[in-house]
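Numbers restart at 1 for each chain; the letters A, B, ... are given by sequence-line order, proteins then strands.
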Amino acid sequence: MPELPEVETVVRDLRPEVAGRTIVAVPHAASSVIRYPAPEVLAALLPGGSFDQVRRQGKYILCGLSRDGGPAGESLIVHLGMTGHLEVCDAAAPERPHTHLRARLDDGRELRFADARRFGRVMYGDPATLSAARLIPRLGVEPLGEEFTPARLDAVLRGTTRMLKAALLDQRGIAGLGNIYVDEICHRAGVRPTRRCPRLTRRERAALHAAVISVLQAAIRNRGSTIDDYRDLWNAKGSHQEELRVYGRGGSSCMRCGEVLRRTVVAGRGTTYCPACQR
DNA sequence: ACCTACCTGGCC
DNA sequence: GGCCAGGTAGGT
């Protein structure tokens, strides 16, 4: 499932591929995945736009487009959802199943978006306008940015009485964490995902802050985790699934203390933790 | 602050 | 043949 490390990997790979390239045609744009504007409108608006930046906000991919040299302030925005996939391929390459958007580039290649489960989304417009229209939610702090200080995490956790896992999954607090990395972060910090935020000690909050950063950085170094569907721009798997300590390991022994890992449901999500070394 | 719907491939 | 996976929006 694409979370921050997977999206960051896609963005880093995509940036040099499309930088300076101009969209010359949109041979295919359909389905509910295209949220705004309507697919045929989006198909009419994209041609003529040149990619001048590719960046990430939380799990969102924002591709800034300029026109006739001047910046248009509009972006092609993609969220991968659960099974969304971006690829840059030859225009003659066969279309993968569930392809919802194809944008022909001026070098003869195509940027394509496919998504079997259609939890992903594609939008086009000025990010501020889309935000105001609530097509993009207001996102919290970037966990790998310099604003993500221990004090900032404290502020996020202090504002709620929910369980730790629910707070970490909330994109309005910290942007980019999902089910896999939240479980990994809690394990590394030695804190149970079921703990109520107000009950966390200063020491635990500091451990969580460090764990957020180290877990995400390690996952990015390994180009993300391929549990099931995730593939990068070139259809290659990430390798961080081999480094996961708790996700998907319920019933196996803890790699830190040897206790049997417990699987439960927290915040409506499958959750794995070590009952011995996570308190 | 929690619960359900959305959606489909893969598995029992 | 039915259930589960889960990021997010929307409803209660």
Taking the six-membered ring of A:Phe119, is the NZ or CZ of A:Arg117 close enough (under 6.0 Å from the centre) and on axis enough (within 45°)?
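Satisfied, under 6.0 Å and within 45°.
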
Compute the bend angle of the helix from B:dA1-C:dT12 to B:dC12-C:dG1 from the end axes (five pairs per end), rounded to 10°.
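The end-segment axes of the helix from B:dA1-C:dT12 to B:dC12-C:dG1 are tilted 50° relative to each other.
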
Which is true for A:Thr160 with a 4.0 Å heavy-atom rule: it touches a base, it touches only sugar-phosphate, or it touches nothing?
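Sugar-phosphate, no base atom in range.
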
Using a 4.0 Å heavy-atom cut-off across all strands, classify A:Thr83 as base, sugar-phosphate, or nothing.
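The answer is nothing, as A:Thr83 stays clear of every strand by at least 4.0 Å.
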
Criterion salt bridge (charged side-chain N to carboxylate O under 4.0 Å, His left out) on A:Arg188 and A:Glu184, from CA distance to verdict:
CA-CA 6 Å; A:Arg188 178 172 294 226; A:Glu184 294 298 313; over 6 Å; no

What one-letter contact string describes nucleotides 5-12 of chain C from 5' to 3', where B marks a base within less than 4.0 Å of any protein heavy atom, S marks contact via sugar-phosphate atoms alone, and - marks no contact?
BBBBS---

Examine A:His187 together with A:Tyr247 and report whether their ring centres are nearer than 6.0 Å.
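When the ring centroids of A:His187 and A:Tyr247 are compared, they turn out to be at least 6.0 Å apart.
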
Positional range of nucleotides in DNA chain B within the contact set of chain A, heavy-atom, under 4.0 Å
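Both ends considered, the range comes out as B:dA1 to B:dG9.
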
Is any side-chain N of the basic residue among A:Asp183 and A:Lys165 closer than 4.0 Å to the acidic one's carboxylate O?
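Yes, A:Asp183 and A:Lys165 are salt-bridged.
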
Electrostatic pair A:Asp13:A:Arg223 at N-O distance under 4.0 angstrom:
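A:Arg223 and A:Asp13: salt-bridged.
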
For A:His100 and A:Phe113, take the angle between the two ring planes, folded into 0 to 90°, and tell me which bin it lands in: parallel under 30, tilted 30 to 60, perpendicular over 60.
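Rings of A:His100 and A:Phe113: tilted, 30 to 60°.
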
Quick check: do A:Glu110 and A:Pro27 have side-chain heavy atoms less than 4.5 Å from each other?
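They are in contact (side-chain heavy atoms under 4.5 Å apart), so the answer is yes.
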
